[in-house]
There are 2 protein chains.
Amino acid sequence: MHSFTEENYLKAIFKLIEQDGDGVTTNAIADRVKTKAASVTDMLKKLSDKKLINYRKYQGVSLTSKGEKVALNIIRKHRLWEMFLVEKLDFKWDEVHDVAEELEHINSEKLISQIDKFLNYPKVDPHGDPIPDKNGKFQIQKSKPVSVFKQNDVLIMTGVVDHSAAFLQYLDKVGIALGKEIKIKNMVEFDKSLQIIINKNTPIFISNEAAKNILAIKKIKCG
Amino acid sequence: MHSFTEENYLKAIFKLIEQDGDGVTTNAIADRVKTKAASVTDMLKKLSDKKLINYRKYQGVSLTSKGEKVALNIIRKHRLWEMFLVEKLDFKWDEVHDVAEELEHINSEKLISQIDKFLNYPKVDPHGDPIPDKNGKFQIQKSKPVSVFKQNDVLIMTGVVDHSAAFLQYLDKVGIALGKEIKIKNMVEFDKSLQIIINKNTPIFISNEAAKNILAIKKIKCG
DNA sequence: ATAATATTTTAGACTAATCTAAAAATATGA
DNA sequence: TCATATTTTTAGATTAGTCTAAAATATTAT
């Protein structure tokens, strides 16, 4: 098993990737786990030795599939416990976080599968965040900025962060709208702009700034 | 708050006192918390500094009322969690111990009071052990050998450990029977024999061997 | 392109809890 | 009572996680 602390680092890294994509920085992690950058570096070496993250000095980190599995399991437990506290023990949705932070580290397969059953297999927690199933798969996807996805991902546009008229008019002009398919063809290293294909049309470029403000989910593979 | 480890030591000491009375030995604790005597000595110093135990080198330990309070709270949490696992999550009574060992260290007043309510304020856990209430009082007392009680305790005799005819005849002869009041007048240091008063009659002496085989509970003060 | 700034890593130290081996205290028993 | 055995404590080392301060690397802005 992994230590309480290792689990917290993996969870922090997972959430940072979810927010900002791969290449998570030492300082960002230090912020999230409320420690100093030097301590983070030590832990990154340890997690890397255990093949839980991909780490090269000064280059930022990403999770290996092994590390992602661990992180997803912690998140699953956290969200199921939050659900339990609200549904069964009359906690308010804003009271549950700190207790769930502790409960998520309890080690028992049976405990968590029984809680899941007891709650009738919920798909989202009290904050509306999706709960991964026991295989680490989300039944419901949360929309994320286009900027966090990877080359060759195929997405469905679901919303915007910036609701300004100017931005919406821009989207209209380039042909991005709710429900449209967006395939990420390429990412330009220099300015992080993206070459994308909308509904199989001719590729276009959008800036990193634009990509950060367009929300999307991964398209589910059919067949 | 106290560390996970400190809590485990306090719980171990509490249980040893419950079994054998005050003056718990270093080795007995080492056995229970599965560590070495040297480690126990270190921890005893720490707990003593924090005024959680009474400790004099080589003399064995007892709990201060502060320490007992902490121990009782851990035991309360442990037993409520066991109850929850069996009643609500379909655990077998022999599957719950290890998980409850982890859950008992979760820090949340509200969590445990809500679990208590959810279970409708149970008085005993799935193993039949009494559950202390939030003030650390047992609503139901577990019978313990007379040998573990202290001077001036007033008890009610509830049973025996040794069911042999010889022992029962001896009890009959000295006037000890189910329901009789036993007041502990004095304990002889030399052989640990007890001077007791049965139903306010003339004091008699019983051996430590006998005292270990007579079960009793503390008499509840009326009025 | 280079100087200034910011980020990240290294080096070395600290704490809590643990261990082994040796010393000290206590208990046992002829 | 005095030697022996047992128990407990001390001394010194180890591990996980943390810290500060200094060095190395990367980024930014002129």
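Order of the sequence lines sets the chain letters (A, B, ...), proteins ahead of strands, with each chain counted from 1. Quick caveat, the model's predicted, so the values are computed rather than measured.
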All pairs passing side chain to side chain donor-acceptor pair (under 3.5 Å) where residues 162-175 of chain A contributes a residue, at least two apart:
A/D162-A/S164
Write out a two-atom table: protein N or O, nucleotide N or O from nucleotides 23-29 of chain C, distance below 3.5 Å.
| from | atom 1 | to | atom 2 | distance (Å) |
| --- | --- | --- | --- | --- |
| C/dA25 | O4' | B/Y58 | OH | 3.3 |

Taking ring-ring contact (aromatic ring centres under 6.0 Å, His included) as the test, write out the residues that go with A/F4, two or more places apart.
A/H105
The side chain to side chain donor-acceptor pair (under 3.5 Å) partners of A/D133 (sequence neighbours excluded) come to A/Q139
Return all side-chain donor-acceptor pairs below 3.5 angstrom for residues 13-23 of chain B, not counting sequence neighbours, or 'none' if the list is empty.
none

Pairs in or reaching into residues 28-39 of chain B: which pass salt bridge (Lys or Arg N to Asp or Glu O under 4.0 Å), with residues at least two apart or in two chains?
none
Residues that A/E102 engages under side-chain contact (heavy atoms from CB on, under 4.5 Å), provided they are two or more places apart:
B/I106, B/N107
Could you name each residue pair satisfying side chain to side chain donor-acceptor pair (under 3.5 Å) that touches residues 59-73 of chain A, not counting sequence neighbours?
A/N54-A/S62
Just the atom pairs and distances: protein N or O near nucleotides 2-4 of chain D's N or O, under 3.5 Å.
none

With sequence neighbours left out, the residues meeting side chain to side chain donor-acceptor pair (under 3.5 Å) with A/K51 are none
Would you jot down, in residue-number order, the residues of residues 10-27 of chain A having a non-hydrogen atom under 4.0 Å from DNA chain C?
A/T25, A/T26, A/N27
Under the salt bridge (Lys or Arg N to Asp or Glu O under 4.0 Å) rule, collect the residues that match up with A/R76, sequence neighbours excluded.
A/D116
